[in-house]
Amino acid sequence: MSQVRVRFAPSPTGFLHIGGVRTALFNWLFARQQKGVFVLRIEDTDQDRSTDESIQAILEGLKWVGLDWDEGPFRQTERIDLYRSYAMQLLEKGQAYWCSCKAEELEARRKEAEAKGLSPKYDSRCRDRGLANLAGDAALRFKAPLEGETVVDDLIKGKIVFDNNVQDDLIILRSNGYPTYNFSVVVDDALMNITHVIRGDDHLTNTPRQVPIFQALGFPVPQFGHLPMILGSDKARLSKRHGATSIMAYKDMGYLPDAMVNYLVRLGWSHGDQELFTRQELIEKFAWKNVQTSPAVFNPEKLIWVNAEYIKISPPDQVAQALVPLLESAGLAAEAKAVSAGWLAQLVILVKERAKTLVEMVEWVRPYFGQAVAFDEEAAKKFLTPAIAPVLGKLLARFEAFPAFSKQQWEEAFKQLVEAEGMKMGQLAQPVRVALTGRTASPGLFEVMEVLGRDRTLFRLRQGIDRASRA
RNA sequence: GUCCCCAUCGUCUAGCCUGGCCUAGGACAUUGCCCUUUCAAGGCAGUAACACGGGUUCAAAUCCCGUUGGGGACACCA
């Protein structure tokens with residue numbers, strides 16, 4: 001068995017979307033598992049819609065989710081001569097012909113046929129005219145087989161049979177000399193020795209159009225695998241109105257790349273009851289037979305859960321690193337710069353069980369930067385009252401007696417005071433929480449103090465007492 | 001309209017190929033309880049599905065046919 005070679009071939013007409021990432025992911029997984037080659041090819045033969053920014057967005061997106069490619073990126077626009085020469089080969093062999101029908105005419109005939117309830121396929125009127133492209137404005141059409149059937153043994157869907165008589169003679173070279181998708185794909189997949197074409201379900205009906213071209217060109221036909229689509233909550237194809245579809249939008253929303261990969265791979269693939277996988281496990285356990293044949297609805301809530309899990313289990317320094325850009329865009333650039341990576345990782349540990357996304361984490365982490373605390377007015381009003389001020393004063397005195405912070409000792413001192421005052425834990429804990437963090441919700445008090453350190457804890461306690469006495 | 005694909009809890013899915021172990025399992029979400037200094041996290045419990053109709057068989061979620069429903073494709077887009 002020769003080496004597995006797969007490819008991801010997006011068209012650069014926008015950002016890299018979630019469906020594209022999933023397609024790339026399955027290709028990548030298979031390549032890595034089989035010790036094969038993952039090729040990246042940019043299908044930019046549509047001059048009007050392709051942009052360089054879009055190519056950059058695709059590369060950026062793939063890099064973010066960690067799907068590295070071994071060859072490419074190849075751009076089809078740099079290979080135009082290649083397609084032309086193969087098209088000419090077909091013409092010479094009599095397997096293609098020039099068609100002088102104008103685009104508008106074809107459009108009109110299609111509409112007419114549809115109105116009559118007929119198939120909108122091309123009527124092959126130029127097929128046997130033996131036209132030459134004298135004016136240079138004809139399109140080249142492939143002579144599709146008129147009878148028989150094309151059988152595709154799909155890796156995911158199994159055997160699929162298409163009647164050849166429903167296929168029409170598709171254009172392989174436009175009148176402007178540019179190849180069309182179905183042709184350049186075949187030439188490239190053949191020339192790049194692609195062994196397995198793994199793509200979205202939406203390409204399934206392109207397969208019986210491409211297979212005869214492989215054959216006409218004398219190329220071996222690769223194996224095909226068609227991944228079911230991703231749907232929105234209304235079961236319609238996933239699109240902008242279902243929420244963000246750009247992979248990079250998820251970075252901005254605070255998702256971890258590993259979480260995206262884990263969620264996306266489980267959307268259509270499973271390994272028993274397992275929900276969370278490391279990359280290595282994914283590579284080892286991936287199998288076509290476990291790929292779903294039916295489309296899957298994208299569920300943002302489960303994505304959030306997966307992300308929360310990854311925030312909890314990923315190495316804190318790694319999460320901290322991913323958090324930095326989010327801190328920056330939240331206006332905490334200077335603060336993030338002022339602290340050490342180690343301390344930031346401590347902060348992550350402090351709040352990681354509470355944040356489901358990095359964006360949420362930014363808010364959880366905000367109170368721990370800087371010397372002073374910013375009070376939530378409502379929280380301060382409710383808990384930093386004149387009545388509590390003297391108790392906070394006593395707590396401050398007890399804490400000050402310790403030359404250094406010790407979680408056990410300080411907690412002990414705190415509890416003793418609560419008992420001495422005849423209070424309930426919460427009656428003192430909440431005011432202290434507000435003094436320390438400015439808010440009514442936070443991680444455990446003594447974990448907070450640990451991250452804050454002795455000096456800042458005492459400073460903020462004084463700040464809280466001051467506020468309470470003036471209330 | 002034509003062609004193709006698909007069909008298990010609200011959602012992602014296990015089970016289907018190789019019928020019996022399925023009183024249909026797990027996860028997300030949801031509900032309740034527990035834990036608790038707040039918010040989370042966590043633990044426990046609950047609600048919830050084989051689209052429908054025919055076959056085949058001693059036996060069907062599983063095999064076959066049909067219906068219905070959903071998706072996709074029918075461009076000088078990819």
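Chain letters run A, B, ... following the sequence lines, proteins first and then strands; every chain starts at 1.
- For the pair K111(A) and E107(A), the salt-bridge criterion is met [side-chain N within less than 4.0 Å of a carboxylate O].
- Distance noted for atom C1' between G70(B) and A75(B): 25 Å (whole Å).
- Taking the charged nitrogens against the carboxylate oxygens, E43(A) and R49(A) have no contact shorter than 4.0 Å, which rules out a salt bridge.
- Of all nucleotides present, only G1(B) satisfies the Watson-Crick or G-U wobble test against C74(B), with each distance under 3.5 Å.
- For CD of Q47(A), the number of neighbouring non-hydrogen atoms (other residues, nucleotides, ligands) closer than 6.0 Å is greater than 12.
- In this structure, the ring-ring contact (aromatic ring centres under 6.0 Å, His included) partners of F405(A), at least two apart in sequence or on a different chain, are W410(A).
- Of the nucleotides present, G55(B) is the one that pairs with C63(B) by Watson-Crick or G-U wobble criteria, both distances under 3.5 Å.
- Pairing partner, C16(B): none, since no Watson-Crick or wobble contact has both distances short of 3.5 Å.
- Classification of K415(A) and E419(A) as a salt-bridged pair fails, no side-chain N sitting under 4.0 Å from a carboxylate O.
- Using bins of under 30°, 30° to 60° and over 60° for the plane-to-plane angle, the ring pair F8(A)/F38(A) lands in the parallel bin.
- The base-pairing partner of G42(B), taking Watson-Crick or G-U wobble contacts with both distances under 3.5 Å, is C34(B).
- Heavy atoms of T205(A) sit under 4.0 angstrom from at least one base atom.
- One can find a donor-acceptor pair under 3.5 Å joining the base of A78(B) and the side-chain atoms of N206(A).
- Separation of the P atoms belonging to C39(B) and C34(B) is 14 Å when rounded to the nearest angstrom.
- Looking at heavy-atom distances under 4.0 Å, T45(A) makes contact with sugar-phosphate atoms alone, never a base.
- Taking only distance into account, the side chain of D201(A) never meets the base of G72(B) through a donor-acceptor pair shorter than 3.5 Å.
- For A45(B) and A27(B), the P atoms lie 10 Å apart once the distance is rounded to whole Å.
- With hydrogens and angles ignored, a donor-acceptor pair under 3.5 angstrom links the side chain of S175(A) to the base of C76(B).
- With sequence neighbours left out, F74(A) forms a ring-ring contact (aromatic ring centres under 6.0 Å, His included) with no residue at all.
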In B/S/- notation (B base, S sugar-phosphate only, - none; protein heavy atoms under 4.0 Å), nucleotides 37-51 of chain B written 5' to 3' is BBBBSS---------
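- Taking a pair to require two hydrogen-bonding distances under 3.5 Å in either a Watson-Crick or a G-U wobble arrangement, A7(B) pairs with U68(B).
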